[in-house]
Amino acid sequence: MKRYLPFIIVAVVALATLGSGAMLYRAKRPQLLTIPEDKVLPGKGGAESMHIRGNPDAPVTLEEFGDFQCPPCGNIAVFIDELVKEYGPRLRLVFRNFPLPNHKYAREAALAAEAAGLQGRFWEMHDVLYREQGVWSKADNVRELFDSYAGMIGLNIDQFKKDIDEEKTKARVESDHERGDSLGVQSTPTVFINNRQLGPNDRTPDGLRASIDAALKQKS
Amino acid sequence: MTVSRFRTILYTVAAIVSLAGLADATYLAVQALTGETLVCGGSPDCFRVLGSSYAKVGGIPVALFGTLAYFSVFSFATFAAFGYVRARAFLILTIGAMFLVTLWLLYVQAFLLHAYCRYCLFSAAVTFLLAGLVIALPPSRESLESQDAQAS
């Protein structure tokens, strides 16, 4: 038996490592983030696209105009994400960039998210930008931090650095902003549910839930 | 305590220590493969290191190589503890290579990135501990006999 013991020990550790690695991978792999390219809806002019999280064909659309440097946007993003999971195929989230001029790095962050979107990782960048908002908002070299976020979420960093300065990236942010302007958006976060703008009191978890339920009722 | 028993204990300790490195490297490898960013939450230095181009070699996360290296150390140390002579040489070679790679990675963090990642420092500590254990190993009977033969 002793002759086989080292083989058994090594095999058990190999299996435990592979098993725990696979479980961790399943738990951490991105979900609901990547929408097939044909499901990315064209925005104004057809050149830009809007970012959808959830079921692209959902009956209710929650359209958020957000600024990555705005703290309330970071807070609302957390529970909007929970709502997308909670409502499953009945709700889709559309994110629109609306960087405010009084936020020093908001536009830069919007460009970073759009540059990530060009590599199919918009939502991963969206999440890390909001989660790390308190860190990069105070940073001296915000580009360097955005590059490191890009590396962490698995982007080609050189391509990301190139894309962030590209005209098409800027055009995407401008397009979102123009849409917000045309709808009378003045602050962030501004939320629309099936094209109906929510008041400040409706931007709470309960308020959002009630508005989504009402929109679902209308659709049925 | 006999020299042989002391060596067996050291190999066993090396195997146990390598499991800590294996867990750390596996966690980082999964993080790198999934693109999960919670691992670095609130630590810009961690992002600077794990999100840098040095964190991958040929598109493969360095942590994945670390997982393989720590698993090799665990296997060789286990076999060495059970008296497999050849496993001892492989163990020393593997730990030697890991030691050199760790020095390079510490240099990258200190002088190129100017940032440290706590998971990487933990891995470096584990590798240094493994190197210390290998250095503490008393010479085997075979190597002592060959030294005696050379002396006479």
Side-chain angles (χ1 to χ4, degrees), chain A residues 2-14 16-31 33-34 116 119-121 123-125 127-136 138-142 144-158 160-161, chain B residues 8 11-12 15-16 18-19 21-56 59 61 63-64 66-68 70-84 87 113-115 117:
Chain A
K2 200 186 166 188
R3 198 174 150 196
Y4 299 110
L5 198 54
F7 291 95
I8 294 168
I9 293 170
V10 168
V12 166
V13 167
T17 307
L18 284 174
S20 54
M23 274 167 57
L24 204 58
Y25 182 84
R26 282 171 67 95
K28 287 184 175 285
R29 74 180 161 183
Q31 285 167 347
L33 298 184
T34 309
Q119 292 188 49
R121 295 277 173 105
W123 289 106
E124 286 85 346
M125 185 59 92
D127 290 352
V128 73
L129 285 171
Y130 272 142
R131 202 181 309 123
E132 298 298 312
Q133 186 188 68
V135 175
W136 60 259
K138 296 174 201 144
D140 295 327
N141 188 350
V142 79
E144 183 222 354
L145 267 179
F146 292 164
D147 291 347
S148 69
Y149 298 162
M152 279 287 280
I153 62 175
L155 299 183
N156 177 326
I157 301 176
D158 293 333
F160 173 79
K161 284 180 180 172
Chain B
T8 304
Y11 288 130
T12 308
I16 292 167
S18 69
L19 287 178
L22 181 62
D24 182 57
T26 305
Y27 179 63
L28 286 182
V30 171
Q31 169 278 316
L33 293 173
T34 57
E36 169 63 61
T37 51
L38 281 172
V39 64
C40 282
S43 167
D45 278 2
C46 176
F47 276 106
R48 282 190 187 101
V49 177
L50 297 182
S52 75
S53 54
Y54 297 98
K56 284 184 179 170
L64 204 56
T67 304
L68 288 175
Y70 281 116
F71 181 71
S72 302
V73 169
F74 174 79
S75 305
F76 295 142
T78 304
F79 280 103
F82 280 86
Y84 286 77
L113 300 173
H114 307 287
C117 126

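Lettering of chains follows the sequences in order, A, B, ..., and the numbering in each one begins at 1. Everything quoted here is computed from the prediction, not taken from an experiment.
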Under a 4.5 Å cutoff for heavy-atom pairs, which residue among B:Cys46, B:Pro44, B:Ala81, B:Ala15 has the most contacts with chain A?
B:Pro44
Once side chain to side chain contact (heavy atoms under 4.5 Å, CB included) is applied, do any residues pair with A:Asn156, and if so which ones, sequence neighbours excluded?
A:Gln119, A:Asp158, A:Gln159
So, the part of B:Leu33 with a heavy atom under 4.5 Å from chain A: the answer is both
Looking only at B:Leu38, B:Val39, B:Val49, most heavy-atom pairs under 4.5 Å shared with chain A are made by B:Leu38
So what's closer than 4.5 Å to chain B heavy atoms on A:Ile9: side chain, backbone, both or neither?
both
Which residue out of A:Gly134, A:Ala14, A:Gly154, A:Ala22 racks up the most heavy-atom pairs below 4.5 Å with chain B?
A:Ala14
Atom group of B:Tyr27 that falls short of 4.5 Å from chain A, counting heavy atoms:
both
With sequence neighbours left out, the residues meeting side-chain hydrogen bond (donor to acceptor under 3.5 Å, both in side chains) with B:Thr37 are A:Arg131
Distance from A:Tyr149 atom OH to B:Arg48 atom CZ, nearest 0.5 Å?
8.5 Å
As a quick check of understanding, evaluate side-chain contact (heavy atoms from CB on, under 4.5 Å) for A:Val135 and B:Phe47, giving each step before the final call.
CA-CA 11 Å; A:Val135 175; B:Phe47 276 106; over 6 Å; no
Under 4.5 Å to a heavy atom of chain B? For A:Leu145 that would be side chain
Applying a strict 4.5 Å limit to non-hydrogen atoms, the region of A:Val13 in contact with chain B is both
